[in-house]
Every structure is written in C-alpha cells, then in structure tokens.
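As structure tokens, the structure follows; a few thoughts come after it.
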Amino acid sequence: MSVIDILTRVDAICKKYDKYDVTQKDSNVSGDDAFARLYAAVESDIEAALQKAETAASEKSRASVVAINAEIRRTKARLLEEVPKLQRLAVKKVKGLSTEELTARNDLVLALPDRIQAIPDGSAAAPKSSGGGWGTSAVRTEIKFDSDGRFDNEYFQQTEESSQFRQEYEMRRMKQDQGLDVIAEGLDTLKNMAQDMNEEVDRQVPLMDEIDTKVDKATADLKNTNVRLKDTVNQLRSSRNFCIDIILLCIILGIAAYLYNVLRK
Amino acid sequence: MTRWNADWKNATSLYEQAAIAYRLARKHDKAKEAFEKASKGQEMLSSPWDAAKHMESAAALAKEVGNWNEVSDFYRRASELYIQCGRAQPASDALAKGARALEDALPDEAIQLYTDACAVLEDDGKEQMAFDLYRAATSVYVKLEKYTDAATFLLRWALAADKCNATHSQCKAYLSAIIVYLYAHDFQQAEKCYNDCCQVEAFLNSDQNRAATRLLSAYTDGDVEEIKRAAQSSIISSLDHTIIKLARKLPTGDVTAFKRGATEQQEDPLDEDDLT
C-alpha cells in the first residue's frame, strides 16, 4: 500500500468515527475555558438551526414549514443574545492561550452574528423592488404590496397633499349643500304655487259647467232664430222684384248723396 | 180724477231715469232716494232681480254720502232680493260689497256682513267661493286685534276647505290659526289648536304640519333665533299676507316663560297623606 492510500484510509476512518470523538474533545478542551464552551454551544445551535432550515425547505406541509421557521427564528434571537457574552469572554485572557488565538477568537465572535442572520428562516427574502412579496407566500406572487412592509409612525401621517385634498373635499361638499338648499326652497315655492293653482282650477270647474249649459242654450236659440230668418227671407225672394227693389234703392241713395253734396257747397 | 190706478210700470221707469240723471249730476242723496223708489217699484212689478240691482246702486250712492247704516241696510235688502231670485252668488257678492264699504267705518258691521255672506254661500254649497270672504274677514279681525276671533274664523275657513276637499287651503288655514294664537302670546291655546289640527289626517301629512312643529318646538326651547328662522321659512311665506306680517313679528313677549320647565312647576306636589 502506498502512503497516499494509507492517508486516505486513515482520513475515512477518522471521519467515520469522528462523531464518537466530539464529547471527548469537548470535555478535554473546555475544562477551564468558558469562552470555548460557550462558543461550542453556539456553534452546535447554529448547525442544528441550519439543519432545520434544510428540512423546512424540503417540507411539503405549509403548517410544519411555518412552525419550523418560527423555531429557527427563536433560536436565532437567542443566539444573537449570546453574542455579546461571547465578545466579553473573548477579550479575557486564559492561560495556555497564545495571542494569535486570542485575536482569532475575536474575529470568530465578530463573524458569528452574520452567520446567525444568514440562517434561512423563511423571511430572509429581501425585496429589491416594489414588487417584492413576503417570503412565506412564495407561491402567491401575484399579490403585491406597494410598500415594503415598513408601517411605522410616518406611514400614517397626513402628507400635505392629502390634508389639502381633504379640505377641498369639505369645501366642495359645503357648496353642494348650499346649492341644494337653494334648490329645495325653489321647489317648495313651486309646490305651493302648483297646489294653489290646483285649487283655483277646481273652483272654476262648476263655473265652467254653468257656462257650458248657458252657452248651449244660447246656441240653440240662435239656431232657431236663424232658421226662422232664412224662412222669412226665402219667402221674400220668391218675388222677382226683390233685386229690382234693391237696385232702385241704391240709385235713390246715390241721387240723394249727389244732391247733398251739391247743396252743401 | 181721484181714482188713479197705481201705475207702477211707468213710475218705475221714470224713477230710474231720474236716478241716473241725479247720479250724473253728482247729487248723491237725491239719486239714492230715486234708486230706492225705483227698487220698490220693481218689487211691485214682481221682478226681484231688477229691484235688487237698484238696491245695490242705492247702497253704493249711500256709501258716497257716508250714511253707513243705510249702506248696510240697503246691501242686506239687495241680498235678500237676490236670494228671492234664487241666485246665491250675487247675494253674497252684495253682502261682500257692503262689508268692504264698511271696513273702515263700521268694522264690526263689516264682519257681520262677511259672516252672513259666507253663510249664504255655504247654504248653497258653494264653499269654494267663500275663501276670499274668509280671507278678507280674517284681515279685518287682525286689524281690530281680535286674535281669538281671527283664529276661530280661520278654523271655520279650514272647515269650509275640508268640505270641498281643498286640502292645501285647509292646512294653510290651520297653520295661520296657530300663528295667530302665538302672536297673541297664548301658547296653551296654540298648542291645543295644534293638537286638534293633528287629528286631521290631511294636516298631519302636510308640509304645514312640519312648519308648525318646528315653530312650536322653537317656542318650547325658548330659542328666539330658531323662532325667527322658522318664521322666515318658505312654507310660512306662502300664507296670506296679513299672516306673514304677524309671523315676521314673532316672537311677541317673553319666550322663556313657555319653556317646558315652567309648565311643570304648575303641578301640585303630590300629597302623601291624600289617599284619593
């Protein structure tokens, strides 16, 4: 067997039995070192959280996904609280530790918050444009919010434009009310006049009936008279001298008028 | 020579001519006498219509003279003659003319004549024609400041309007009566009147009812501004001219006494020992 083969075989065996080594290693190393203990705990929590995130990504049931995400978020919050403690421990000098390792610890602690935040918990999708949606409802992208979810104090305050608009609306409504009042008064007057006219016309109906009967009687009388007159005139017309009489009458009148004119001069 | 027949026909025509001549000559008292005689003649000739006409002319001349008693007598006689003819309208017209003539001189007599005129028309069933008479009579009452009489007359007007189904006039009459009572500063009467009027369905559903409620509630609140505003409303402005003038002058006197609290103090405190 070559050296390379031995090395690879040793590596494989070490990896296989690594999991049995963890507790031993921990108990060996972290005896006096609070920092190392705490750091190891945080590391393991981060690993667990990452695993849970992976299961959440592959879960089919939405309820369980939501539950897992919630747990992850709780863990993240807790871990973020631990970070300041770690920072304080990091600067403490522990015996048997070199200066390089001390600075290395500092860097590790600084890197921790980013790692914790990076754990996917279902709300990490940062919307880049106005069409950004909530991460949990990844299926429903057609429902869009125009804002990016920041409903803080400023959001609900009236801008100048909106208060101006409201004022204008109030002014217009008042003007409309006034106009409607004027119209209402006019209509009242019209209604009164119409009702009075109604009564007046009702009053005149019996009078009209009376006039009707009287006029009917008068027309009947007139017709009667006309017929009789016609009869009389017809009687007269039977004599031929009637036309001659009229002509002679006109001549006499003409002569009389001529004489009158002559005598007047 | 002594047994002349009474030749009324010629006499009447001669009297008529004389009367017309006197009238042209502006000798009113002589003309009046002549008309009287002519009218008597027509009566004798049993033509009450002409008699009534002459009586009216005589009455007009009496007005020129200024003899008020004669004016009223003549017009009444004329109206009687018209009724004899069976024509109620001219009869009431005659009485109305008499009343108008006497409005300034003998207002009480004028009122009497107006009432009689209304009665004549109502007997004949022609209440519609009486509205003008009622209106004139109320204005005379208001001029005389007899407000209770005026209000009563208005209610009679409303009754006549009801008989001929003139709801608009009826409601206007009711509202006018309430206003007259308020003007006379008699709030209890006004309220009673209002309650009575509300029994009438036609009034209950009308605009006038709303105006009346508004006015009365303004009175109970004792709010002078509200009373003024209610009195300026368009419904009240559609009433008769005299009533509008009264309404504009509301409120008369102290309104606060009418507030609800004042009326409640008048109740006697309950006596515990009184076992009835």
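Convention: sequence-line order gives letters A, B, ...; per-chain numbering from 1.
- Other residues, nucleotides and ligands contribute over 12 non-hydrogen atoms within 6.0 Å of the CD atom of E170(A).
- Taking the side chain as every heavy atom from C-beta outward, K126(B) and L207(A) never approach each other to under 4.5 Å.
- Looking at N165(B), there are no atoms closer than 4.5 Å to chain A (heavy atoms on both sides), in backbone or side chain.
- Between the CG atom in D188(A) and the OG atom in S233(B) there is a gap of 8.0 Å [rounded to 0.5 Å].
- For the atom pair OG (S237(B)) and CD (E185(A)), the distance works out to 8.0 Å, reported to the nearest 0.5 Å.
- Here the CZ atom belonging to R203(A) is positioned 12.0 Å from the CD atom belonging to E127(B), to the nearest 0.5 angstrom.
- Within 6.0 Å of CD in Q164(A) there are 12 or fewer heavy atoms belonging to other residues, nucleotides or ligands.
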Practice task
Apply the test side-chain contact (heavy atoms from CB on, under 4.5 Å) to residues D196(A) and K172(B): give CA-CA distance (whole Å), side-chain angles for both, the deciding distance (0.1 Å), then the verdict.
Solution key: CA-CA 11 Å; D196(A) 283 337; K172(B) 283 205 294 197; 3.0 Å; yes
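- Within a 6.0 Å sphere centred on CD of Q51(A), other residues, nucleotides and ligands contribute 12 heavy atoms or fewer.
- In this structure, the side chain of Q128(B) does not engage the main chain of D202(A) through any donor-acceptor pair within 3.5 Å.
- Residue I235(B) comes nearest to N192(A) through the heavy atom pair CA-ND2, 4.4 Å, listed as atom of the first residue, atom of the second, then distance.
- Of the possible donor and acceptor atoms, one in the side chain of E199(A) sits under 3.5 Å from a partner among the backbone N and O of H168(B).
- Crowding of K9(B) atom NZ: a count of heavy atoms from other residues, nucleotides or ligands under 6.0 Å not exceeding 12.
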